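Working notes, beginning with the structure itself.
Fair warning: this is a prediction, and the values are worked out from it, not measured in the lab.
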Amino acid sequence: MKLAILSRAPHAYSTQRLRSAAENRGHTVKVLNTLRFAIDLSGDEPDLQYRGRLLSDYDAILPRIGNSITYYGTAVVRQFEQMDVYTPNTANGITNSRDKLRATQILSRHNIGMPRTAFVNSRADVRMAIERVGGAPVVIKLLEGTQGIGVILAPEAKIAESIIETLHSTKQNVLIQSFIAESRGRDIRALVVGDRVVAAMRRVASGDEFRSNVHRGGTVEKVALTPEFEEAAVRSAQIMGLRVAGVDMLEGKDGPLVMEVNSSPGLEGIERATGLDVAGAIIDFIDNQVAFPEIDVRQRLTVSTGYGVAELLVHTNADLVGKTLRDSGLGDRDISVLTLHRGASVIPNPRSGVVLEAGDRLLCFGRLEEMRSMIPDRRKRRAKVRKLPKEAQEALTESETAPVAATQ
């Protein structure tokens with residue numbers, strides 16, 4: 001395998017470990033500065049130049065995109081994707097995870113446990129947002145902070161309002177999150193590779209510090225995760241579109257609470273805490289996947305006129321409930337079911353004998369006109385209008401029937 005590691009820090013611990021792990025397995029590996037690429041869109045096919053020369057062929061890339069170059073870095077990754085070069089972390093996945101609000105919005109749709117979160121812009125809405133997440137103390141987070149920077153614990157509502165007002169005045173967007181007291185100063189980092197957790201550690205803050213980041217003096221220890229925590233970590237990474245990710249979770253009283261999904265997790269702390277070859281696990285996974293480059297499924301499947309990808313919900317009163325896919329009539333309508341989502345379970349390429357249940361979500365490819373006809377009318381949300389008192393109704397009737405005075 002010929003692998004390119006996209007990194008601006010060739011001497012960093014993580015970059016060095018990934019490089020040596022690849023070389024020890026007989027692969028050819030280069031560390032390439034992400035900012036030295038030039039995207040070439042002038043030819044018949046998408047291409048890249050590096051340091052002014054046409055880039056040679058690579059089987060796979062491993063992006064290590066820093067926060068400060070997210071836009072340019074993801075543009076380079078996206079170009080590799082268009083060239084059918086495998087990447088474990090797609091440009092969309094990196095972008096999704098880098099923005100804390102976007103990540104929270106995506107994960108919340110899939111029933112991932114998270115601290116209660118609010119996002120507001122107006123000063124008048126801040127107090128209400130604080131109460132919605134459970135009241136003070138609250139955690140205030142900058143949307144693009146890293147390594148614990150831009151994370152503030154506000155012990156009182158008035159202090160929180162002052163901090164948020166100050167940040168808003170400097171054009172900073174912030175999240176307001178509930179403070180999980182039972183997990184103060186502790187969190188878990190799970191390193192996900194593919195569909196499994198390959199290593200996990202607990203990070204413990206130093207002294208009275210509530211942020212457990214190693215960069216802030218926190219200590220680490222090896223931890224054995226319960227199946228519940230493993231499932232939350234793997235699902236979170238997969239939902240974000242990442243095959244290599246560090247998933248940070250709090251130990252809530254009711255189970256795991258996902259805080260963040262990191263697309264470029266550091267390896268030093270977790271390798272030293274666990275004694276495991278995490279870099280080797282990442283390289284082995286990429287080696288096994290190079291034959292399957294990441295593709296934009298919607299982009300590839302919607303190039304035919306009249307065809308596209310859509311998600312169909314099986315409603316309680318729908319004719320599909322209780323029928324098998326074979327008898328559902330979807331095939332006769334030129335609709336193929338790619339994936340069936342049932343609760344937290346995902347059934348890829350479901351068999352024709354699967355019986356459909358109310359609440360199932362079907363990811364389908366087929367004729368858009370046919371799929372559109374299967375979507376029920378949206379229920380319109382009408383405002384509830386309270387009836388006027390009897391006296392007011394009579395007064396209104398009298399005013400409507402009274403003669404209009406002529407104007408001079």
Side-chain angles (χ1 to χ4, degrees), residues 67-68 70 96-109 112-190 201-220 229 232 236 240 246-262 265-266 269:
N67 190 65
S68 61
T70 298
N96 289 341
S97 63
R98 196 54 54 81
D99 184 326
K100 289 184 175 65
L101 174 60
R102 182 188 300 206
T104 303
Q105 289 176 308
I106 293 171
L107 293 175
S108 66
R109 185 187 180 191
I112 297 293
M114 293 180 293
R116 285 177 288 179
T117 304
F119 177 69
V120 295
N121 185 64
S122 172
R123 178 183 178 183
D125 297 327
V126 171
R127 178 58 69 94
M128 189 181 300
I130 292 172
E131 293 179 0
R132 277 202 301 270
V133 301
V138 294
V139 176
I140 301 167
K141 291 183 178 181
L142 293 180
L143 287 190
E144 296 186 354
T146 58
Q147 299 178 355
I149 299 172
V151 180
I152 305 166
L153 176 61
E156 299 176 8
K158 288 185 178 180
I159 295 176
E161 288 182 89
S162 298
I163 293 171
I164 294 168
E165 183 180 353
T166 301
L167 293 172
H168 280 172
S169 69
T170 61
K171 308 301 181 183
Q172 297 279 1
N173 289 313
V174 299
L175 291 181
I176 305 170
Q177 286 189 332
S178 59
F179 175 62
I180 309 302
E182 63 269 24
S183 190
R184 182 189 179 105
R186 299 190 312 165
D187 69 9
I188 286 177
R189 160 66 65 89
M201 65 179 178
R202 178 180 286 113
R203 302 184 296 190
V204 182
S206 175
D208 294 331
E209 174 65 64
F210 82 99
R211 294 168 293 185
S212 57
N213 304 74
V214 176
H215 293 84
R216 314 201 71 81
T219 58
V220 297
F229 274 79
S236 297
M240 300 303 294
V247 181
D248 297 337
M249 299 174 285
L250 296 176
E251 298 173 88
K253 59 184 179 181
D254 296 322
L257 298 173
V258 175
M259 289 193 303
E260 187 174 351
V261 182
N262 193 320

Q) Can you tell me how far OG of S236 sits from CE of M259, rounded to the nearest 0.5 angstrom? A) 12.0 Å

Q) Should V133 and Q177 count as side-chain neighbours, where that means a heavy-atom distance under 4.5 Å? A) no

Q. Taking C-beta and beyond as the side chain, do R189 and V220 meet within less than 4.5 Å on heavy atoms?
A. no

Q) Just how far is it from atom OG1 of T104 to atom CD1 of I112, taken to the nearest 0.5 Å? A) 11.5 Å

Q.
If you compare all heavy atoms of A157 against all heavy atoms of A136, which two are closest, and at what distance to 0.1 Å?
A. N-CB, 3.5 Å

Q.
I'd like to check the salt bridge (charged side-chain N to carboxylate O under 4.0 Å, His left out) partners of R127; sequence neighbours left out, ordered by chain and number.
A. E161

Q) Considering only heavy atoms from C-beta outward, does the side chain of E165 approach that of V126 to under 4.5 Å? A) no

Q) Side-chain contact, heavy-atom cut-off 4.5 Å: K100 with E260? A) yes

Q.
Give me the atom names and distance for the closest heavy-atom approach of V139 to S178.
A. CG2-O, 4.4 Å

Q: List the steps, then state whether side chain to side chain contact (heavy atoms under 4.5 Å, CB included) holds for H168 with V174.
A: CA-CA 8 Å; H168 280 172; V174 299; 4.0 Å; yes

Q. About how many Å separate CZ of R102 and CG of L107, when rounded to the nearest 0.5 Å?
A. 12.5 Å

Q: Kindly write out the residues that satisfy side chain to side chain donor-acceptor pair (under 3.5 Å) with E251, not counting sequence neighbours, or none if the list is empty.
A: R202

Q) Between F119 and L143, what is the shortest heavy-atom contact and its length? A) CE1-CD1, 4.2 Å

Q. CD1/I140 to CD1/I164 distance, rounded to the nearest 0.5 angstrom?
A. 4.0 Å

(Q) Side chains of L257 and M114, heavy atoms from C-beta outward: is any pair under 4.5 Å? (A) no

Q | Closest heavy-atom pair and its distance - F179, P137 | A | CB-O, 3.4 Å

Q.
Looking at every heavy atom in both N67 and T70, which two are closest together, and how far apart are they?
A. O-OG1, 2.9 Å

(Q) Could you measure the distance from the CG atom of N96 to the CD1 atom of I106? Nearest 0.5 Å is fine. (A) 3.5 Å

Q.
If I compare all heavy atoms of E182 with all of R186, which pair ends up nearest, and what's the gap?
A. O-NH2, 4.1 Å

Q.
Nearest 0.5 Å, please: how far is CG in D248 from CZ in R203?
A. 4.0 Å

**Q.** Side-chain heavy-atom pair I180, K253 within 4.5 angstrom cut-off
**A.** no

Q. Do N173 and L101 have side chains that get closer than 4.5 Å, going by heavy atoms?
A. no

Q | Flag side-chain contact, heavy atom, 4.5 Å: L250 against P115 | A | yes

Q | Verdict with supporting geometry, R132 and V120, side chain to side chain contact (heavy atoms under 4.5 Å, CB included) | A | CA-CA 12 Å; R132 277 202 301 270; V120 295; 4.1 Å; yes

